[in-house]
Structures are given as structure tokens and as C-alpha cells.
Protein chains: 2
Amino acid sequence: MQQVSDSSQSPGYDPAPTSSRALIVDRIRSAGTLSRVELTQLTGLKAPSVTAVVRRLIDDGLVAETGRGTSTSIGGKPRTLLQIRAAARYVVGVHLSEDHLTYVLVDYAGGVVARWRRDGPGDESDPEQVVERVANETRELIARSGVDQALVLGLGFVCPGPLIRNRGVTSAPPSMTRWVGFPIRSRLEELLGMPALLENDATAAAAGTRLTTSHDVSVMAALFMSEGIGSGLRLNGNVYQGAHGNAGEVGHICVQIGGPRCWCGGTGCLEALAGPAAVVEKARAAGLDLGSHRHSGVAAFAAIARLALSGDSRAEAIIRDSAAWIAIGAQTIANMYDVQLLVLTGPAFAVAGTIYLPILQERILSSVFGRSVGTEVVLDERGHDAAAIGAALMMLKSEHAISA
Amino acid sequence: MQQVSDSSQSPGYDPAPTSSRALIVDRIRSAGTLSRVELTQLTGLKAPSVTAVVRRLIDDGLVAETGRGTSTSIGGKPRTLLQIRAAARYVVGVHLSEDHLTYVLVDYAGGVVARWRRDGPGDESDPEQVVERVANETRELIARSGVDQALVLGLGFVCPGPLIRNRGVTSAPPSMTRWVGFPIRSRLEELLGMPALLENDATAAAAGTRLTTSHDVSVMAALFMSEGIGSGLRLNGNVYQGAHGNAGEVGHICVQIGGPRCWCGGTGCLEALAGPAAVVEKARAAGLDLGSHRHSGVAAFAAIARLALSGDSRAEAIIRDSAAWIAIGAQTIANMYDVQLLVLTGPAFAVAGTIYLPILQERILSSVFGRSVGTEVVLDERGHDAAAIGAALMMLKSEHAISA
DNA sequence: CCACTATATTCACAGATCTAACTAACCGGA
DNA sequence: TCCGGTTAGTTAGATCTGTGAATATAGTGG
């Protein structure tokens, strides 16, 4: 093997698969089923190399032949279809947010095998306790799903807030002030005895978005809204993380000079003006009935979204106002990243995305830089779980996942 | 050789050097002089590989041994220093802006051998004429500098405005409306009989910025101001171009809802509020004496900057107002890209950078996401030529440049 | 002059991937 | 039914790249 660069000195983006083995696994995984010929086209490798690599993958039990492809056109040998052996390995993804702890168990093919949603620890809990709870619940998830623990490759853990790459949280959003400096990753590895990976929620969501569009999108971004607002950039299936793992902090770009103060210390931040917390605050001020939601978290935001969707005009006005601001963030993403596709994801868009989507689309279309190149804006149908799934998928793509 | 991927289907970023040969050339070039031991550390290759590759480079005349390094510490054989043979090859970089045509001849070591600045063609000229002029003047530059034409590897050409990757301009800024759809790159290749490369000015500037800081900066961005405002992201020496080659269009992010209309069709664009043209317009409105500058181009902006620097308080106020807006753009870059370093470059910053720099620094520092990770903001001392130099360097890093 | 140290090279080998030639499987018409 | 046409995949041999172990090279300090 060659230059196994330590992730701590990685150049700010999750590098493209280096070995042919990883490359081929990746391509089969994202295509679902694929023949060897198609692999030669997709990878640029020649047929004999594909044959050799695939044989080893089959020997190792990671890939299986699964019938014949359609006889194309005039004649000739039909293609032998290859598929990832889903049951070969598993990974766990965990998304910690203010309201919830979301667990997913993902198989080697990238499919979600089990999903578990629990009430979040809130902001008053001790990080050590939360981490222990995550470890216990992870074990429980694996046990209950009947998967052999030995086949679980690792755990991807995502949370909001600026991170020190793979270490822990630096300065933190309101819901995570107690986490600053806590060594999340190493504690999880110790407790679970398996590799762990720590990532920003929005970045992971970009990795977790399934591209339903068959167009080959190599440059896409996710706009993620949970308690905060963030974004992630994905290049050919690999997420861009930035120098310190905090790229895509679109929630803290300034969209109004002299605007309201944000918890981050800035003023006029997008998140402070239009994030879920701001929406909830406005709704409270307007006297809307939000039920019994203590927090200003996503649960309260969801209540407002439901009101808006059921015809409450005051709620709708508040959400639409938020959308107008967030559209500026979307435009910024399109201009800065020059993506082919922008996906709206995360719990907040999962409940209110249908209101936001057209407003964001309209704004993207009305900018030359968007219009001339045709940036598409779509809603992720798995918004609730995208971050957790993305965490799992990132672990699935790490070096741990391609060994025999 | 393997997967020689066509640049048109490249994944949106200039990929890292694939062959060891290119990697080693690149490392020696950016370090200036380097020993083989250092190369093993920097590249991850083992000593024998470095020896072998370096020997071939020496045989091919691209690299030369240049004396001994300092005897480190206790004893031992001193390092043999390696250096790029500057005279081995050359490349030309051309920057087309509204006011000027800037040519640079760059040697194989990345040094600027010749520099030529000519009055720009203005906005009324026919693209075909301009391209022919560029071809002629390129030949003239090479001839006058006494460099063997056969050693010139190619030409990098940069201009403002959204591009179709390596083809031509799509929708265009005011000064380039006639260029839309013109096949810049292929015409240059035909006229000159050498490979050409077309790039956005800001993106090229990111490639052209020399890192004086010895800290190893792997993720940096350039904020570029000429007639417009743009930015470029550089990852480990490779520029990020986006899906269509238009990443970093920070000039067209919206920083004021309902703000003034921009030529791009949007409203409240940073460029419309605070770009050189806006500054010139404000200065005209304020009755400042700008001399005989017809255009609203960089020349007129430079006149205002000189007034401001010489103590004219009205001019200074106008520039400082521009800086306050552009600081928002800088903050956006820091948040979206998560860079270690932001360099201010381009003709406009070359004349007015000392006014802008402290204002931008202050704003970056006042955001948590900037402060906690320490994004540095500096001024490029070669701002005038950064785009042209970057164009040349990008050509120098292309596949054409590493063959024997 | 002799340890000692750091730098660089040689040599034999392992692995990946290439080209070229071959086998496998299926179509359709004589 | 058999045979050329066509596409898919394999085998065999060559090449290239990088590796580990041992060795050569060129200084320092006693």
C-alpha cells in the first residue's frame, strides 16, 4: 500500500478513493448493481484489472454476482451483474441534536437496516453520560437487529457546531456549551472498541443524501437545517471539510448589516435571522400556540410548520419570511460552490421543506450564475435521518471498510 | 499511464498530482530547494523511489543538484539539494481585464522571467481581434525575452466572468458582453500552436499567490478584485473550480436584501454595492476629480484610492464604506471554505489593499468561526500580476508540463 | 584514524495495471 | 443446426512503480 496519509494532515477534503479496490466498491455501491464492463467505463481501469479486483472482492465475500444483465441490442454475451453483499459488513451512524438522538444501522450496500429515534439528552446533560448512553444504545441497536457485532466496522457520530477535526467541539451552539473540549471521538472508540468518526451534522448530511436523480451529479451541496443551519459540499462522493472541518457554515454568513446578534458573536447571521430558533421566537412573540414544547428546538419549529401547512396564515408568514432569508444562503452556496444540485435536508426541512423549496428555487433561478448553469434545488425525502445516514456512509467509505 | 481523465468530466477540482514524477516536481518547485530526504517526508514515498524519480528528472534536464545542504546537528552526510532547472521549460500567462492586458513569462521553477503590461482592448473590440493580438504579443514576449520558443509549454489565459470550463465566456460582465460564446481556448491553441488553458481570473489568482508564510497552508483562498470581485479556493496547491468552473463568485452573493440591481440580474450583490465600479460611481456623484479616466474601470478606482491614501477624506470614506461591505464577503469566504489563509489580491487590492486589509481582518476576527481557528488575512504583494501568474502556474502543473 | 550519524543508492522482489490474445455466451440468418 | 457477428469476460506476459534490506557515501567529533 502507499501513502496512507493520516487524516489529521489531510488536505481539507475527504480524498477520492485511492485504491482500485475502494474505487470499485464505491462505484458498485452507488450504482446498486453494475457489470464489469460498466466498471471499466466508470473507473477508467482496463478490463483485466477490473476482473482481478472483482475476483478478490468476491473471494473476500464483499461482492457477489447476481444474475445476468439484459441482452443488449444485437447479441453478445450478457453482462454479469455485480452487487455489494449487503450483509458482509455494517456501520452505525448517530446524529445528536438538541431534540433527538437518531441511530441508523447501515449495511455494506449502504441500505438502512435499522433506525432508532430517541428523545435527545437536552442541553443539561453531562457529555460523558451522553457518550456512555450512545455507546449503550449503539450496542442495543446492533443486538436487537440480530447483526453479528463482529461485522460492525465502526461508528460515525455527528453533532452540530464547529469541531476540531475528529476530536471534539470547539466553540459551541447554545445546546452544546458543555461539550466544548470533550474528546468525543476517543471516548466513543474506548467505550465501543471500534473505530469512530466525528463529523459536523451538515457535512455528514451532504454525504448521506441519496441522489435519486440519475444524472451523474459530481458536485452537489446539502443545505441542512436542524437546530442550526449549515451546509456541506460533496465532490464526486467525497465531502469537503475545510481546513478545520468547519466548511459550509452558511448559518453564520452575514446577510444583514447591523442585524441581530447571534450566539456565535457575530451580527446579522443567517441563523440568527431565520433559523428555527428565530422562527420559534417570532411565533411566540406573535402569540401562536406551540403546545408543550419547552425548548426552542426543532420540535417547536415543527409545530409551527404544521400550523403553516394546515393554513394558519400567521405561521405561514413567519415561515415564508424565514425562507426569504434562507434563499439568500442558498444563493450564496450556489455562487461560492458552483454546484449542479442543492439538496434541502435535515429535520427542519423534513417538516417544512415544501414551504421553503419553491422560494429557494425561485431565488436560485433569478441569479445569472444560477440560471445559466442550471443549479437544481430539490428536497431530500430522508431529511430526518440524512445526518445519521451520512455519518454511517462516511465510515463505510473510510479505510477501515475495504480490508478483507 | 492510467486514467487520463478528460478535463471536461473532471470532478470540479484540479486533481492532486497523480504521478510521483509530477508530485516531486511540484514539491521541489514550491519549496525552492529540497533534498531527497525531505522529499521522502513530503511525498510519503520511500527513499529508493525518490532516488529513481529524481534521477530521471535530472536525466531529462528538469531538475539539477545544486550543492550541499547544511550539515545538520551531530554529523552525517549533508543533504544534496535539488532545484528545478528554471530554464528547462517556460509557460506564458495572460490576464485580460477591462483596462489592461498583462503578460507574464514564467520559467519552469515558477519564477517570473518577463512581464509586460499593455493597455487593454476596452470593451468595444471584437474578440477575434483581441485573441489575435494576444497571440501576436505572446510571440513577441517570447522572442524579446530570448527564450527558445520550443521550450514554451503553453499559455494560460484568464478573464473575468462566468466561463464554460475551458471553452469560453457564458453570460458576461459589462466589459465582455461581446465575448459570449466565443471559443477563446481553441482559437488561442490554433493561433499559437501550443496548448492553452482558460480560467476565471479569481480562480487563477488563487493559484498565483505565492505563500510567503512558511507555515504549511494547505487550504487557502484568494479574494480577488479587479473590475469585478471574485474568489478562488486552493487546496494543497490545486484550485477548486466548481461544477462549471465558476466557483467563488463572491461578487454576486447578496449582502443587502432589496439592494441595488447588479448587471448579473440580481439585487444587493456585493459587487454592485462595493465593487470598483460602484466606488467610482459614488466618487463621481460626490464630485471627486478622477482625472481623465473614461471608464469606470480599475484605473478610475486607482485614482480614488490614491486620493484616499493621500488624505482626501471624502475618497477615504467611500473606500472604507466599500471595505465594510467586502468584509462581509471575506467573512462569507471564511465561513463557507474554512480556510487557514485569505489573501487579498488583484489590481484593485494592489492599489487600495492597505485600506481594505485592516477592515477585513477586524471582521474576520470578530466571528467565532474565524477567531477560534485563526484565519489569517494578508495582502498579496504581487496583486497586479497574480491572475496572469496563476494562469501560467496552472499550465505549469498540467499534464503537458511533466513529460520528458 | 576510528566510531558515529545522516544521506543516498543498489538490488531483488511484490503488486498493480497494462496490452494482446483468447474463451464464453448469446443473436440471427442460411 | 450450424456459423459468423457481437459483446463480455479471462488468461498470460510485460511493464511500471514502489518496497525492504543491505550497502555505499560523506560528513562530525574524539
Side-chain angles (χ1 to χ4, degrees), chain A residues 1-5 16-25 27-28 31 33-60 63-83 402-404, chain B residues 1-5 16-25 27-28 31 33-60 63-83 402-404:
Chain A
M1 201 90 325
Q2 67 228 44
Q3 59 257 59
V4 180
S5 58
T18 157
S19 67
S20 301
R21 186 179 171 93
L23 185 65
I24 284 181
V25 167
R27 289 297 180 278
I28 301 178
T33 116
L34 221 50
S35 71
R36 290 176 179 78
V37 207
E38 291 166 305
L39 278 172
T40 63
Q41 295 155 6
L42 286 170
T43 61
L45 299 172
K46 299 299 175 192
S49 309
V50 171
T51 293
V53 174
V54 167
R55 171 155 46 229
R56 289 210 50 194
L57 289 170
I58 291 175
D59 288 349
D60 294 341
V63 163
E65 297 192 338
T66 170
R68 296 267 131 112
T70 60
S71 298
T72 36
S73 63
I74 248 138
K77 176 175 174 176
R79 309 177 166 192
T80 314
L81 296 181
L82 302 169
Q83 207 171 18
I402 53 163
S403 58
Chain B
M1 202 88 326
Q2 69 229 42
Q3 59 255 59
V4 179
S5 58
T18 158
S19 67
S20 301
R21 186 180 170 92
L23 184 66
I24 285 181
V25 168
R27 289 298 179 277
I28 301 178
T33 118
L34 221 50
S35 72
R36 291 174 177 79
V37 208
E38 291 165 306
L39 278 172
T40 63
Q41 294 155 6
L42 287 170
T43 61
L45 300 171
K46 300 299 175 193
S49 307
V50 171
T51 293
V53 173
V54 167
R55 172 158 39 234
R56 289 211 49 194
L57 289 170
I58 291 175
D59 288 349
D60 293 341
V63 164
E65 297 192 337
T66 170
R68 297 266 129 114
T70 59
S71 299
T72 36
S73 63
I74 236 132
K77 176 175 175 175
R79 311 178 165 192
T80 315
L81 296 181
L82 302 168
Q83 206 172 19
I402 53 163
S403 58

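Protein chains get the first letters and strands the later ones, always in sequence-line order, with residue 1 at the start of each. Every heavy atom of this structure was used, including side-chain atoms; hydrogens, water molecules and symmetry mates were not.
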K.L.:
So which atom in B:Arg68 and which in B:Leu81 form the shortest heavy-atom distance, rounded to 0.1 Å?
P.N.:
O-CD1, 3.8 Å
K.L.:
Among residues at least two apart in sequence or on other chains, which ones pass side chain to side chain contact (heavy atoms under 4.5 Å, CB included) with A:Glu38?
P.N.:
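A:Glu38: side chain to side chain contact (heavy atoms under 4.5 Å, CB included) contacts with A:Leu34, A:Ser35, A:Gln41, A:Arg79.
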K.L.:
Of all the heavy-atom pairs spanning A:Ile28 and A:Leu82, show the shortest one and how long it is.
P.N.:
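The answer is CG2-O, 3.9 Å.
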K.L.:
What is the distance from NZ of B:Lys46 to P of C:dG15, rounded to the nearest Å?
P.N.:
16 Å
K.L.:
Give each protein N/O atom lying under 3.5 Å from an N/O atom of nucleotides 9-11 of chain C, with the pair distance.
P.N.:
from, atom 1, to, atom 2, distance (Å)
C:dT9, OP2, B:Arg36, NE, 2.9
C:dT9, OP2, B:Thr51, OG1, 2.9
C:dT10, OP2, B:Arg55, NH1, 3.2
C:dT10, OP2, B:Arg55, NH2, 3.0

K.L.:
Within this structure, what is the CG-to-C1' distance between A:Leu23 and C:dT17, rounded to whole angstrom?
P.N.:
13 Å
K.L.:
Considering only side-chain heavy atoms of B:Arg79, which listed nucleotide, C:dT7, D:dT19, C:dT17, is closest?
P.N.:
C:dT7
K.L.:
Phosphate oxygens OP1/OP2 of D:dA8: is one of them under 4.0 Å from a side-chain N or O of A:Ser35?
P.N.:
no
K.L.:
Nearest-Å distance, CZ (A:Arg56) to C1' (C:dT17)?
P.N.:
14 Å
K.L.:
Please state how far atom CZ in A:Arg68 lies from atom P in D:dT7, giving the value in whole angstrom units.
P.N.:
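About 17 Å, once rounded to whole Å.
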K.L.:
Residues in side-chain hydrogen bond (donor to acceptor under 3.5 Å, both in side chains) with B:Glu65, at least two apart?
P.N.:
B:Arg36
K.L.:
Rounded to whole angstrom units, what separation is found between the CG atom of A:Leu45 and the C1' atom of D:dG9?
P.N.:
15 Å
K.L.:
What residues form a side chain to side chain contact (heavy atoms under 4.5 Å, CB included) with A:Leu57, not counting sequence neighbours?
P.N.:
A:Arg21, A:Ile24, A:Val25, A:Val53, A:Leu62, A:Val63
K.L.:
Nearest of C:dT17, D:dG9, D:dG27 to any side-chain atom of A:Thr80?
P.N.:
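Comparing C:dT17, D:dG9, D:dG27 against the side chain of A:Thr80, the answer is D:dG9.
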K.L.:
Give, for atom CG of B:Leu39 and atom CG of B:Leu45, the distance between the pair rounded to the nearest 0.5 Å.
P.N.:
8.5 Å
K.L.:
Of the nucleotides C:dT17, C:dA8, D:dA8, which one has an atom closest to the side chain of A:Ser49?
P.N.:
C:dT17
